[in-house]
Amino acid sequence: MVTRLSAQMYPLVLLCMLAALSWTWGPVTAGRSCSETRQVYAEKGYSTNTAPLTQISGEHLRLCPQDYTCCSSQMEEMLSHQSETDFLTAIEETSQFLLTTFTQRHRKFDEFFRELIDMSEKSMNQMFTKTYGRLFTQNANVFQELFVELRRYYSGGSVSLTEVQSEFWSSLVERVFSLVNPQYQFSEEYLECVSKHAEQLQPFGDLPRKLRVQVSRAFIAARALVQGLATGRDIVNKAIKLSAGVECVRALMRQWYCPLCRGMPSLRPCHSLCLNVMKGCLANQADLDTEWNNFIDALYQVSEKLEGPFNMELAADSISVKVSEAIMHMQENSVTTSTKVFQGCGSPRPALGRSKRSPKEPGSNRRPFRTYSPEEKPTTAAGTNLDRLVSELKERLRPMRGFWVSLPHTICNDENMAADVTNEERCWNGQARGRYLPDVTGDGLVSQINNPEVEVDIAKPDVRTRQLIMELRVATNRLKQAQAGQDTDFVDSEVEEGSGSGGGDGAERYSDDWPGYGPNSKPPRNPQTPIKPPRVRDRPTGSKRNKARSSSAVTRPALTLAILFWLSVMVVVAPMWR
């Protein structure tokens, strides 16, 4: 009996199986339930009032295949907007690690460098007050002004590090010269003469030059790194705040929500389909790739310089050390220095109430300054470590290379966005379930000319993207200049100084200051930078110095032209003297 019934039911079972297969693989027919589509649609926060209960004819659809569908016109429009929202959210979430890295690293490095400067000044004040006593406190404003200017430079002010340090040493030589010659009274004009002679006499030895190079290149690199991190943060913020174009939105809708309208909400777009859509929608961002990689590389290299030859911790510590050693050097050679100054500037007036024998009075030979022991040297910023900060930064910079080109792959590798790359048969190909046949297009705007999913006008580059590319180039150039110890804002004036500090630092490299380079290892001068004559620097005090600095820029060209004129006259007249 059972066997006979089974034989009779066999054709019916076979018919049911064929119907089921046609339901899954063949054309969709009217009357199929839309319960899954309505459920997913409701979960996204939309009202199901306009959602059909069963599939209806799809002639009203504008974006999805016009087959039997579970979507009304209103649903298609709402899902089109939803696809744009999902796309922008995916971009924001994918780039979050960039924003987090740049924001957090910028804050940590900025706090660390500012703390180093504060600790350097605090250590100098404490140590010099203990060591030099009232002699230091009476002249503390000289040191305070140095740190004020260093902070102003680091904060982005228009400050020449060479000028700042030159002014410091000029002020210091005047103060120390007065202290080692207490039996004389010096006028302001006389001290100006002392400053002028100090450039030839070098009363502090070679220490000002060494400190200038060490401090300048460290501060330049530190400021460039912090500014570079801020630039990276800003560029990412601008790059991800994009609006999807009409054609992009159409493609996004077709790949993500047309399966929902076909009653297959769990079906994901084929991986290659997703890549073509994303490459079309993100064509302009991909064009950032070359300059972005250059920018990341420059950040990486500057960070390496900071943990090596441009170490900010060592530079901050060296300020107190080298200044103290310089003062000791001047005092130990005070007799020779003073004699030469008196020869050049004239005999000073004796101080009131002092006789010629006053220097021989008891206690008068006590050295006003002394150096300090190594255990008194200043400490670095408490609780922080530059090597650790740099190491963490480099680890985060490495995966940033190629970010914008790999962004489509990153999004399409998300299982919620597209089918797995190995699933080529059971995925949404844009029309139905099945293999996606078109090739994946290339990266960038120009490559989208043959994109089968997104119509892109390659003749109209995005203006904002062009601006971001220029910003990246400017930032990269600043970082590259910093790698050479050069400050872009002052590269001309610094090269003119020949200082090897703020800019043009390549003119001076020292085996004791710059690991890996010998004293004669000098990079070639930029052929586009003309060789300028050395400046004759006046060193007036107070407002006179400022006036002299501002007027020197006006008088120098006229003086140069006058010299060239008289040289040409001498060349013409010289044969007449024979």
S.K.: Testing Val474, Thr290, Leu288, Ile235 one by one against Ile469 for a side-chain contact (heavy atoms from CB on, under 4.5 Å), which residue passes?
M.R.: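 The passing option is Leu288.
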S.K.: Do Asp487 side-chain atoms and Ile220 backbone N/O form a donor-acceptor pair below 3.5 Å?
M.R.: no
S.K.: Would you say Ser195 and Glu174 are linked by a side-chain donor-acceptor pair, where the criterion is simply a distance under 3.5 Å?
M.R.: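 Side-chain D/A pair, Glu174 to Ser195: present.
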S.K.: Just checking Arg464: does its CZ atom have more than 12 heavy atoms from other residues, nucleotides or ligands closer to it than 6.0 angstrom?
M.R.: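 More than 12 heavy atoms, drawn from other residues, nucleotides or ligands, come within 6.0 Å of this atom.
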S.K.: Is there a donor-acceptor contact under 3.5 Å from the side chain of Asp110 to the main chain of His106?
M.R.: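 No, the answer is negative, given that no donor and acceptor are paired below the 3.5 Å cut-off.
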S.K.: Identify the residue among Val194, Ile327, Thr337 that makes a side-chain contact (heavy atoms from CB on, under 4.5 Å) with Pro203.
M.R.: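 Output: one option passes, namely Thr337.
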S.K.: Please answer whether the main-chain N or O of Gln331 pairs with a side-chain N or O of Ser334 as donor and acceptor at a distance below 3.5 Å.
M.R.: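 Yes: the side chain of Ser334 pairs with the backbone of Gln331.
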S.K.: Heavy-atom distance under 4.5 Å between the side chains of Leu99 and Gln96, does that happen here?
M.R.: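 Leu99 reaches Gln96 side chain to side chain.
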S.K.: Any non-hydrogen side-chain atom of Ile411 less than 4.5 Å from a side-chain atom of Ile91?
M.R.: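 Yes, their side chains come closer than 4.5 Å.
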S.K.: What distance separates Gln165 CD from Phe219 CZ, expressed to the nearest 0.5 Å?
M.R.: 8.5 Å
S.K.: For residues Phe128 and Phe143, establish whether the separation of their ring centroids is below 6.0 Å.
M.R.: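 Yes: the rings meet the under 6.0 Å criterion.
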S.K.: Can you list the steps and then say if Glu304 with Val390 is a side-chain contact (heavy atoms from CB on, under 4.5 Å)?
M.R.: CA-CA 7 Å; Glu304 284 189 320; Val390 171; 5.7 Å; no
S.K.: With no hydrogens and no angle check, is any side-chain donor or acceptor of Arg233 less than 3.5 Å from a backbone partner on Leu229?
M.R.: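 Flag not set: sc Arg233 to bb Leu229 has no pair under 3.5 Å.
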S.K.: Counting distance only, does the side-chain N/O of Arg212 pair as donor-acceptor with the main-chain N or O of Thr162 below 3.5 Å?
M.R.: no
S.K.: Check Glu121 with Arg151, please: is the shortest side-chain N to carboxylate O separation under 4.0 Å?
M.R.: yes
S.K.: Considering only NZ, NE, NH1 and NH2 on the basic side and carboxylate oxygens on the acidic side, decide whether Lys394 and Glu307 come within less than 4.0 Å.
M.R.: yes
S.K.: Is there a donor-acceptor pair under 3.5 Å between the side chain of Trp292 and the backbone N or O of Val405?
M.R.: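 Side chain of Trp292 to backbone of Val405, a donor-acceptor pair under 3.5 Å: no, none is there.
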S.K.: Could you go through Phe136 and Thr131, starting from their C-alpha distance and side-chain angles, then the distance that decides it, and tell me whether this counts as side-chain contact (heavy atoms from CB on, under 4.5 Å)?
M.R.: CA-CA 9 Å; Phe136 170 72; Thr131 304; over 6 Å; no
S.K.: Please determine, by modelled atom types, if Tyr300 and Arg398 share a side-chain donor-acceptor pair under 3.5 angstrom.
M.R.: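 The criterion, which ignores hydrogens and geometry beyond distance, is satisfied for Arg398 and Tyr300.
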S.K.: Decide side-chain contact (heavy atoms from CB on, under 4.5 Å) for Asp118 and Lys122; before the verdict, give the C-alpha distance in whole Å, the side-chain angles of both, and the deciding distance to 0.1 Å.
M.R.: CA-CA 6 Å; Asp118 292 343; Lys122 182 179 179 181; over 6 Å; no
S.K.: Grab the two heavy atoms, one from Pro348 and one from Tyr190, that are nearest each other, plus how far apart they are.
M.R.: CD-OH, 3.7 Å
S.K.: Taking atom CD of Glu92 as the centre, does the number of heavy atoms from other residues, nucleotides or ligands within less than 6.0 Å exceed 12?
M.R.: no
S.K.: Could you tell me which non-hydrogen atom of Ser158 sits nearest to which non-hydrogen atom of Arg152, and how far apart they are?
M.R.: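 Taking Ser158 first and Arg152 second, the nearest heavy atoms are O-NH1, 4.3 Å.
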S.K.: Nearest 0.5 Å, what's the CG-CZ distance between Leu389 and Phe112?
M.R.: 6.0 Å
S.K.: What closest approach, in Å, do Met330 and Phe204 show between heavy atoms, and which atom pair accounts for it?
M.R.: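 Of all heavy-atom pairs spanning Met330 and Phe204, the closest is SD-CE2, 3.6 Å.
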S.K.: For Thr103 and Thr100, indicate whether the former's side chain and the latter's backbone hold a donor-acceptor pair under 3.5 Å.
M.R.: no
S.K.: For the residue pair Asp462 and Asp287, establish whether any side-chain heavy-atom pair is separated by less than 4.5 Å.
M.R.: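 SC-SC contact between Asp462 and Asp287 ruled out.
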S.K.: Hey, can you tell me if Phe295 and Phe102 have their rings parallel, tilted or perpendicular (30° and 60° cut-offs)?
M.R.: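 Plane angle between 30° and 60°, so tilted.
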S.K.: I want to check something: taking the side chain as every heavy atom from C-beta on, are Met312 and Phe113 in contact at a cut-off of under 4.5 Å?
M.R.: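 They are in contact (side-chain heavy atoms under 4.5 Å apart), so the answer is yes.
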S.K.: side-chain contact (heavy atoms from CB on, under 4.5 Å) between Leu201 and Thr336: does it pass, once the steps are laid out?
M.R.: CA-CA 10 Å; Leu201 298 178; Thr336 303; over 6 Å; no
S.K.: Is a donor on one side and an acceptor on the other found under 3.5 Å between the side chain of Arg217 and the backbone of Pro309?
M.R.: yes
S.K.: Is the shortest side-chain N to carboxylate O distance from Asp289 to Arg401 below 4.0 Å?
M.R.: no
S.K.: Within the structure provided, determine whether Leu211 and Val321 are in side-chain contact (heavy-atom separation under 4.5 Å).
M.R.: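 No, too far: nothing below the 4.5 Å cut-off.
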S.K.: Quick one: pull up CG in Asn125 and CD in Gln144 and give me the separation to the nearest 0.5 Å.
M.R.: 6.5 Å
S.K.: Find out whether Glu145 and Val164 are in side-chain contact, i.e. whether some heavy atom of one side chain is under 4.5 Å from a heavy atom of the other.
M.R.: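 Counting from C-beta outward, Glu145 and Val164 never come under 4.5 Å.
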S.K.: Looking at Lys340, is its backbone amide N or carbonyl O close enough to the side chain of His197 to form a donor-acceptor pair, meaning the two atoms are under 3.5 Å apart?
M.R.: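 No.
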S.K.: Please tell me if the side chains of Ile117 and Tyr154 come closer than 4.5 Å, counting only heavy atoms from C-beta onward.
M.R.: yes
S.K.: To the closest 0.5 Å, what do you measure between CH2 (Trp404) and CG (Asn284)?
M.R.: 12.0 Å
S.K.: Could you walk me through whether Lys108 and Glu392 pass salt bridge (Lys or Arg N to Asp or Glu O under 4.0 Å), step by step?
M.R.: CA-CA 11 Å; Lys108 291 195 175 207; Glu392 292 172 353; 5.1 Å; no
S.K.: Minimum heavy-atom separation for Leu479 to Ala224, with atom names?
M.R.: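 It is CD2-O, 3.4 Å.
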S.K.: To the nearest 0.5 angstrom, please state how far the CG atom of Asp387 sits from the CD atom of Glu313.
M.R.: 6.5 Å
S.K.: Any side-chain donor-acceptor pair under 3.5 Å between Ser338 and Asn181?
M.R.: yes
S.K.: Search all heavy atoms of Pro399 against all heavy atoms of Phe97 and return the closest pair with its distance.
M.R.: O-CZ, 4.4 Å
S.K.: For the backbone of Arg134 and the side chain of Thr137, can you confirm whether one donor and one acceptor N or O come within less than 3.5 Å of each other?
M.R.: yes
S.K.: Report yes if the distance between the aromatic ring centroids of Phe177 and Tyr184 is under 6.0 Å, otherwise no.
M.R.: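 Not close enough - the centres of the two rings lie 6.0 Å or further apart.
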S.K.: Return the minimal non-hydrogen interatomic distance between Lys241 and Asn237, and the atom names on each side.
M.R.: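 Smallest interatomic distance, heavy atoms only, reads CG-O, 3.2 Å.
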S.K.: Do Gln214 and Lys322 have a side chain donor and acceptor closer than 3.5 Å?
M.R.: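 Distance-only check passes for Gln214 and Lys322.
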S.K.: Can you check whether Arg114 reaches Ser155 side chain to side chain, under 4.5 Å on heavy atoms?
M.R.: yes
S.K.: With distance as the sole criterion, is a donor-acceptor pair present between the side chains of Thr231 and Glu471 under 3.5 Å?
M.R.: no
S.K.: CD1/Ile319 to OG/Ser123 distance, rounded to the nearest 0.5 angstrom?
M.R.: 10.5 Å
